[in-house]
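Below is one structure, written out as structure tokens; the observations come after it.
Quick caveat, the model's predicted, so the values are computed rather than measured. Residue numbering restarts at 1 for every chain, and letters A, B, ... go by the order of the sequence lines.
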Protein chains: 2
Amino acid sequence: MHETLLKNIASFIELTDEEKEYFLSILRPKKLRKRQYHVQAGDMCRYETYVVKGCLRQYYVDDEGIEHTVSFAIEDWWTSDMYGLITGNPSLTNIEAIEDSELLLIEKNDFDKLVLAVPKFERLFRIKLQRAFVAHQRRIVENMSMPADQRYLNFTEQYPSLEQRLPLKLIASYLGITPESLSRIRRQLVKGK
Amino acid sequence: MHETLLKNIASFIELTDEEKEYFLSILRPKKLRKRQYHVQAGDMCRYETYVVKGCLRQYYVDDEGIEHTVSFAIEDWWTSDMYGLITGNPSLTNIEAIEDSELLLIEKNDFDKLVLAVPKFERLFRIKLQRAFVAHQRRIVENMSMPADQRYLNFTEQYPSLEQRLPLKLIASYLGITPESLSRIRRQLVKGK
DNA sequence: AAAAAACCTTGATGTATGTTAAGTAACTAT
DNA sequence: ATAGTTACTTAACATACATCAAGGTTTTTT
């Protein structure tokens, strides 16, 4: 059960059989239909989410109603509304299924107990957060230093699988440009070939 | 010794006297003169840095030679080249003293031993990384959704102490705009008053 | 199968911010 | 004190990207 998840974890920490079982016991499965919300802005979101299958998108809606994609999550990725999770405040973002999806949730309470009982999990998430830290910094610098066409190329290189399965307008909203601009960028790239 | 640091840590985890002593024993002090590098792009950077006094800036220099400020760190803040630290690769960014500064360093080796010996430290850094995660996401969304003048106002509100002690061109390079633009923005703001 | 959404593209036009250039003021070092 | 950086401002001009509007295509729903 949940072999991929366990294998993923095994690449960071070694677990005994009891620890594995304990961990698996706190996971709560959830299914979403395409376009269904996992979390809505204003909701209390008190769990970490692991994607078994499908694809989620986290996005922020600004005052003008424009959607800004914060992150995507596909198979074997984690996602969460970290803001809501650590502050206890209602979520500021939406998390929505882009495809029919299967998730595993870990409630905050269970998570807190888990890391106290098995510090190796604290370690696992510390390491994952360090990687996210680096990825975030990279994204910030790229947004500041590179024009949109280059950011798009980077995206397609870094996440070729995402490029395939996402509508272009969502990629645009992740890159911080309009769908119209992305369309023109793609036309230029084809011509340049 | 290092009361502020210990108080900071105490707000997250409780330490015994021996644990405190162990922790303090791995800290290595370092002093920097204004404009001196702490880390240079290309260096191996294998430590976490705590700022006792002064102010540091981490920045990336792009192909055109333009500097993009990734982060600032003042008293009681941590900074590091996380990329170099977790990959073992040479640093991609520079960390420079903006004022004469006093630092405390934790070598990666010592850090790794520390968190294994005292899992509470794993917890401390996990929590700090979660906060950084939220701050990073916020910065990404703000850069995408808000015009430069509003981002500048946010910055002055969020970091009033930084606003005071930093030259404007460094703030501009943090906000992702040119010093000329920031100058114009400030003039408009004064007029609007 | 038809209707309705959602998606993508294209063109005309607008705007925030960058670039280049110049000048003044404020530190810093000799 | 003097000369030399470094910081900040202003103006004229350039440009990447947004906005608005429309039409065509694909996908989803009924």
Side-chain angles (χ1 to χ4, degrees), chain A residues 32-37 54-55 57 59 61-69 94 96-100 141-156 162-192, chain B residues 32-36 55 57 59 62-69 72 96-100 142-156 162-192:
Chain A
L32 289 179
R33 284 304 198 64
K34 184 171 178 171
R35 237 159 269 179
Q36 198 180 338
Y37 284 116
C55 182
R57 170 174 83 114
Y59 63 97
V61 183
D62 71 20
D63 319 328
E64 271 113 45
I66 299 167
E67 298 181 357
H68 302 276
T69 297
N94 304 278
E96 185 193 50
I98 293 174
E99 308 169 356
D100 293 352
V141 168
E142 284 192 358
N143 283 342
M144 290 199 294
S145 64
M146 304 194 331
D149 54 352
Q150 215 174 328
R151 298 207 304 275
Y152 171 63
L153 285 174
N154 277 184
F155 181 85
T156 61
L162 278 177
E163 221 277 323
Q164 306 280 320
R165 59 205 278 195
L166 294 174
L168 291 174
K169 66 166 200 167
L170 296 190
I171 296 178
S173 92
Y174 178 88
L175 295 173
I177 57 178
T178 58
E180 292 92 333
S181 289
L182 181 55
S183 186
R184 279 185 273 259
I185 284 169
R186 283 162 54 86
R187 179 172 34 152
Q188 284 307 106
L189 289 174
V190 173
K191 270 200 344 203
Chain B
L32 289 178
R33 283 302 197 65
K34 184 171 177 170
R35 236 160 271 180
Q36 199 179 337
C55 182
R57 170 174 83 113
Y59 63 98
D62 71 19
D63 318 330
E64 272 114 44
I66 299 166
E67 298 182 357
H68 303 276
T69 297
F72 298 109
E96 185 193 50
I98 293 175
E99 309 169 356
D100 293 353
E142 283 193 359
N143 283 341
M144 292 198 293
S145 64
M146 303 193 336
D149 54 352
Q150 215 174 329
R151 299 207 305 276
Y152 172 64
L153 284 174
N154 277 184
F155 181 86
T156 60
L162 278 177
E163 222 276 323
Q164 306 280 320
R165 59 205 277 194
L166 294 174
L168 290 173
K169 66 166 200 167
L170 298 189
I171 295 177
S173 93
Y174 178 89
L175 295 174
I177 58 178
T178 59
E180 293 90 337
S181 290
L182 181 54
S183 188
R184 278 185 282 257
I185 284 168
R186 284 162 53 85
R187 179 171 34 150
Q188 283 308 107
L189 289 174
V190 174
K191 269 199 346 202

(Q) As a test of reading the structure: which of D:dT10, D:dC17, C:dT17 is closest to the side chain of B:S183, going by heavy atoms? (A) D:dT10
(Q) Please report the distance, rounded to the nearest Å, between CD in A:Q188 and C1' in C:dG11. (A) 14 Å
Q: With DNA chain C as reference, determine whether B:R35 or A:R35 sits nearer its 5' end, using the nearest nucleotide of each.
A: A:R35
Q | Value rounded to 0.5 Å, distance of CG in A:L162 from OG1 in A:T156 | A | 11.0 Å
Q: State whether B:K169 places a side-chain N or O below 4.0 Å from either non-bridging phosphate oxygen (OP1 or OP2) of D:dT9.
A: no
Q. Which whole-number value in Å describes the distance from B:L182 CG to C:dA16 P?
A. 17 Å
Q | Length of the CZ-P vector between B:R151 and C:dT17, whole Å | A | 7 Å
Q) Within the pair A:S181 and D:dC17, is there a side-chain N or O less than 4.0 Å away from OP1 or OP2? A) no
**Q.** Separation of atom CD in B:E64 from atom P in D:dA16, rounded to whole Å
**A.** 12 Å
(Q) With a 4.0 Å cutoff (strictly under), does any side-chain N or O of B:T178 reach OP1 or OP2 of C:dT17? (A) no
Q) Can a side chain N or O of A:R187 be found less than 4.0 Å away from OP1 or OP2 on C:dG11? A) yes
Q: May I have the distance from A:I185 (atom CD1) to C:dC8 (atom P), rounded to whole angstrom?
A: 14 Å
**Q.** Listed nucleotide nearest any side-chain atom of A:K34, set D:dT28, C:dT28, C:dT17
**A.** D:dT28
Q: Identify the two heavy atoms, one from B:P179 and one from B:K169, that lie closest to each other, and give their separation to 0.1 Å.
A: CG-CB, 3.9 Å
Q) Within this structure, what is the CG-to-C1' distance between A:D100 and D:dT28, rounded to whole angstrom? A) 13 Å
Q. What residues, two or more places apart in sequence or in another chain, satisfy salt bridge (Lys or Arg N to Asp or Glu O under 4.0 Å) together with A:R151?
A. none
Q | B:R33, B:K34, B:R35, B:R165 screened by salt bridge (Lys or Arg N to Asp or Glu O under 4.0 Å) with B:E99, the one that passes | A | B:R165
Q. Starting at CZ of A:R184 and ending at P of C:dA12, how long is that distance when rounded to a whole Å?
A. 11 Å
**Q.** Length of the line joining A:L175:CG and D:dC17:P, which is rounded to integer Å
**A.** 11 Å
(Q) If you assign each of B:P167 and A:E180 to its closest nucleotide in DNA chain D, which residue comes earlier from the 5' end? (A) B:P167
Q. Would you say the side-chain atoms of B:Y174 and B:R57 include a donor-acceptor pair closer than 3.5 Å?
A. no
